[in-house]
Q: 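Here's a structure for you.
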Amino acid sequence: MMQMPPKFSKRQLLLSIGKTAGAATMYQAMTALGFAAESDYKGSPQLTGAPKGTRVLVLGGGLAGMTAAYELRKAGYAVRILEYNPRAGGRCWTIRGGDVYTELGGATQKCAFDPGLYINPGPWRIPYHHHAVLDYCKKFGVRLEPFIQVNYNALVHSTKAFGGKPQIYRHVQADFQGHTAELLGKAINAGALDEQFVPEDREKLLDALTRWGGLTKDRTYGPSLQSSLFRGFEVAPGGGLMPAQKFSTPMDYKELIASGLWKRISAGQDIEFQSSIFQPAGGMDMISKAFEREVKTLIRYNTKIVKIHQDDKKVRVTFKNSDGTGQEQTETADWCVCTIPLSILSQIPLTVGPAMQAAINAVPYGSSVKIGLQFKRRFWEQDEQIYGGISYTDTPIQRIAYPNSDYGKPGKGVLLGAYLWEGVNAYEFTAMSPAQRIRKAVEYGNLLHEQYAREFDNGVAVAWHRVPWVNGCYGHWTDPMREKHYNNLCQIDNRIVLAGEHASFIPAWMEGAVLSALDATERLHQTIVATAKTA
């Protein structure tokens with residue numbers, strides 16, 4: 001019999017369940033025992049009393065820069081944005097047919113996707129609790145549609161398990177839950193937790209596990225109506241004289257545990273990926289274009305910053321054309337909001353104090369690769385009934401994500417053929433040419449979908465450490481690094497304040513960029529007003 005500590009609170013019980021069986025089990029138990037929580041959002045800052053004629057220079061026209069510019073102009077400031085690219089949006093970027101992209105090293109790709117098809121190499125989804133981004137989408141009229149994070153008909157794949165054959169997500173999810181629920185139920189029935197909570201709570205937890213795991217009345221998991229309603233039937237219920245329904249047989253628990261596939265199914269339980277999740281209809285750059293419409297008259301495009309200098313009265317920024325042609329020019333302002341990624345900013349001569357400079361230099365940028373593949377037909381829908389969602393694999397491509405719109409549309413289709421996030425494989429793919437990345441994505445994808453090789457049409461590949469205006473995907477903080485440098489990075493240094501996803505606790509998300517900009521803008525405004533009063 002299991003030996004447990006003599007004092008074991010409900011909270012400790014829930015934590016133990018979470019560590020043992022995962023977040024979904026713990027949440028089911030939380031519901032049964034009466035625990036719940038939700039966060040809120042205070043909205044954009046209300047800036048009043050801006051000194052007339054005060055000029056603010058915003059460096060970078062990504063979401064952070066445009067958010068800052070929008071709010072500052074609304075408050076009455078004279079604002080100017082300097083942007084490296086011929087478009088605004090930064091990493092909020094969509095690639096469509098006809099687009100041309102040249103990465104560091106000189107490799108140029110011209111996207112050959114059919115009209116209406118696209119890939120988002122940067123952000124591609126908006127969680128329901130990213131209230132700031134959703135608020136601006138509402139203000140600016142960005143139409144949203146569902147993003148399918150979890151599709152129970154998608155695939156989970158390991159080259160080392162089940163003979164390398166992909167398994168249906170639903171089977172892995174249902175069987176892991178079912179077997180785990182049965183084991184926990186046996187432990188409870190054996191009296192292992194009798195000292196920890198009252199009989200009433202014991203019955204509540206058993207009922208929760210029975211429902212969550214698809215157990216029978218005797219609280220076992222096997223071929224049954226309850227399990228088949230979760231994992232699917234071997235012969236589905238029909239009508240008339242169709243064959244009678246037949247229950248499906250769950251996987252062997254030991255084989256399932258050894259496979260490691262259960263690690264993949266927990267991704268959809270992370271708070272960022274819980275339903276509802278959204279995407280802009282027509283591509284992620286619908287958001288950046290909406291921001292751009294609001295502040296377009298403030299933006300100077302094709303501008304490469306080469307020096308940032310400040311003194312006690314002004315900020316002076318030296319720049320030239322992004323292609324390196326033309327003479328150096330300068331722009332002067334009273335204050336500056338700098339949203340340039342730290343991977344780039346650390347290479348620019350900048351007049352700030354040693355604490356901020358050390359923080360800028362300290363933060364490395366994480367690696368990521370996305371590969372969009374166009375196929376001659378939407379075989380994942382037509383052959384396998386996969387409508388949206390993500391399949392997972394232990395091969396280097398890590399994920400295959402299916403389009404979340406135009407279901408059933410005839411003709412060609414584009415899916416995210418690889419999403420490499422951190423790790424040695426992301427760096428390995430970054431070192432490849434775009435053509436090599438695409439070829440590898442097709443090769444590995446063929447292990448999940450045998451249609452890949454014969455249905456492939458063309459592709460485009462973006463490795464973020466080769467993107468000229470970022471040199472990486474996102475600010476990759478560690479806890480010790482944050483403790484040492486984060487506050488110094490976010491302080492107002494004389495007349496300069498930094499903003500962006502790197503200056504947030506939500507790195508790699510648009511929400512982090514927007515919230516950082518709102519916070520920096522509010523604090524800068526307070527500083528400007530206070531300075532004007534003492535002048």
Side-chain angles (χ1 to χ4, degrees), residues 1-37 150 152 156 158 160-162 167-234 247-271 273-274 392:
M1 182 181 293
M2 295 170 56
Q3 296 297 314
M4 304 294 287
K7 293 183 179 180
F8 202 72
S9 68
K10 289 182 182 179
R11 188 173 300 278
Q12 289 171 319
L13 171 63
L14 292 170
L15 290 174
S16 177
I17 292 171
K19 291 177 181 178
T20 304
T25 319
M26 183 173 71
Y27 188 78
Q28 188 78 9
M30 288 173 67
T31 302
L33 297 175
F35 293 95
V150 176
Y152 287 87
V156 191
S158 170
K160 305 176 185 66
F162 300 102
Q167 301 299 304
I168 296 176
Y169 190 114
R170 180 192 313 108
H171 293 172
V172 177
Q173 176 80 49
D175 292 352
F176 180 75
Q177 289 183 185
H179 287 304
T180 301
E182 180 179 346
L183 287 175
L184 285 172
K186 288 178 178 178
I188 294 170
N189 282 327
L193 302 179
D194 283 355
E195 297 180 6
Q196 281 65 59
F197 51 93
V198 300
E200 182 182 354
D201 284 343
R202 173 182 175 276
E203 290 304 315
K204 286 182 179 179
L205 186 54
L206 281 171
D207 287 344
L209 290 173
T210 299
R211 173 57 184 158
W212 176 78
L215 306 184
T216 59
K217 290 182 179 179
D218 62 358
R219 296 194 170 110
T220 60
Y221 186 71
S224 68
L225 176 61
Q226 290 82 1
S227 65
S228 295
L229 287 173
F230 281 7
R231 71 185 319 277
F233 293 78
E234 184 175 332
F247 303 144
S248 59
T249 301
M251 306 175 193
D252 178 76
Y253 195 34
K254 291 182 179 179
E255 187 176 10
L256 176 57
I257 291 296
S259 74
L261 295 181
W262 46 271
K263 298 177 183 177
R264 304 292 184 178
I265 61 177
S266 64
Q269 297 164 15
D270 293 346
I271 191 169
F273 306 138
Q274 293 170 10
Y392 298 90

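Side chains included, hydrogens not; waters and symmetry mates left out as well; all remaining heavy atoms used.
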Q: Just wondering, do Leu225 and Phe233 contact through their side chains at under 4.5 Å, heavy atoms?
A: yes
Q: Report yes or no: does Ser158 contribute a side-chain atom to a donor-acceptor pair with the main-chain N or O of Leu261 at less than 3.5 Å?
A: no
Q: Return the set of residues passing side-chain contact (heavy atoms from CB on, under 4.5 Å) with Arg170 (not counting sequence neighbours), or none when no residue passes.
A: Tyr152, Asn153, Ile168
Q: How far apart are the closest heavy atoms of Gly213 and Ala181, and which atoms are they?
A: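 Heavy-atom minimum between the residues: CA-CB, 3.8 Å.
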Q: Tell me, do Leu205 and Asp201 make a side-chain contact under 4.5 Å, heavy atoms counted?
A: no
Q: Who passes side-chain contact (heavy atoms from CB on, under 4.5 Å) against Lys254, sequence neighbours left out?
A: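 Partners of Lys254 under the side-chain contact (heavy atoms from CB on, under 4.5 Å) test: Asp252.
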Q: Taking the side chain as every heavy atom from C-beta outward, state whether Pro223 and Pro250 have any atom pair closer than 4.5 Å.
A: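 The answer is yes, as the side chains (C-beta and beyond) meet within the 4.5 Å cut-off.
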Q: How long is the gap from CG on Leu209 to NZ on Lys204, to the nearest 0.5 Å?
A: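 One finds 14.0 Å between CG of Leu209 and NZ of Lys204.
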Q: Between Thr210 and Arg219 (side chain of the first, backbone of the second, donor and acceptor by atom type, cut-off under 3.5 Å), is there such a pair?
A: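 Side chain of Thr210 to backbone of Arg219: no pair is present.
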Q: Provide the full list of side chain to side chain donor-acceptor pair (under 3.5 Å) pairs with a residue in residues 257-267, sequence neighbours left out, each pair given once.
A: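 As it turns out, there is no side chain to side chain donor-acceptor pair (under 3.5 Å) pair with a partner in residues 257-267 once direct neighbours are skipped.
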Q: Do Asp175 and Tyr221 come within less than 4.5 Å of each other through their side chains, counting heavy atoms only?
A: yes
Q: Do Val172 and Met251 have side chains that get closer than 4.5 Å, going by heavy atoms?
A: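 Answer yes - side chains close enough.
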Q: For Arg231 and Thr249, work out which heavy atoms get closest and say how close.
A: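 Taking every non-hydrogen atom into account, NH1-O, 3.4 Å.
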Q: With sequence neighbours left out, write down each residue that passes salt bridge (Lys or Arg N to Asp or Glu O under 4.0 Å) with Glu255, or none if nothing qualifies.
A: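 Salt bridge (Lys or Arg N to Asp or Glu O under 4.0 Å) check on Glu255 returns nothing, list empty.
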Q: Could I get the full list of side-chain contact (heavy atoms from CB on, under 4.5 Å) partners for Phe230, not counting sequence neighbours?
A: Ala174, Arg211
Q: Are any non-hydrogen side-chain atoms of Arg202 and Asn189 less than 4.5 angstrom apart?
A: yes
Q: Of all heavy-atom pairs between Val150 and Gly268, which one has the smallest distance, and what is that distance?
A: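 Closest approach of Val150 to Gly268: CG2-CA, 3.6 Å.
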Q: Looking at Gln269 and Gln274, what are the two nearest heavy atoms and their distance?
A: O-NE2, 2.7 Å
Q: Relative to each other, are the rings of Tyr253 and Phe176 parallel, tilted or perpendicular (30° and 60° limits)?
A: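 The rings of Tyr253 and Phe176 sit tilted, inter-plane angle from 30° to 60°.
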Q: I'd like to check the side-chain contact (heavy atoms from CB on, under 4.5 Å) partners of Gln226; sequence neighbours left out, ordered by chain and number.
A: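 Once residues adjacent in sequence are excluded, the partners of Gln226 under the side-chain contact (heavy atoms from CB on, under 4.5 Å) criterion are Thr216, Ser224.
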Q: To the nearest 0.5 Å, what is the distance between CD on Glu182 and CG on Leu184?
A: 10.5 Å
Q: For the side chain of Gln177 and the backbone of Trp212, is there at least one donor-acceptor N/O pair under 3.5 Å apart?
A: yes
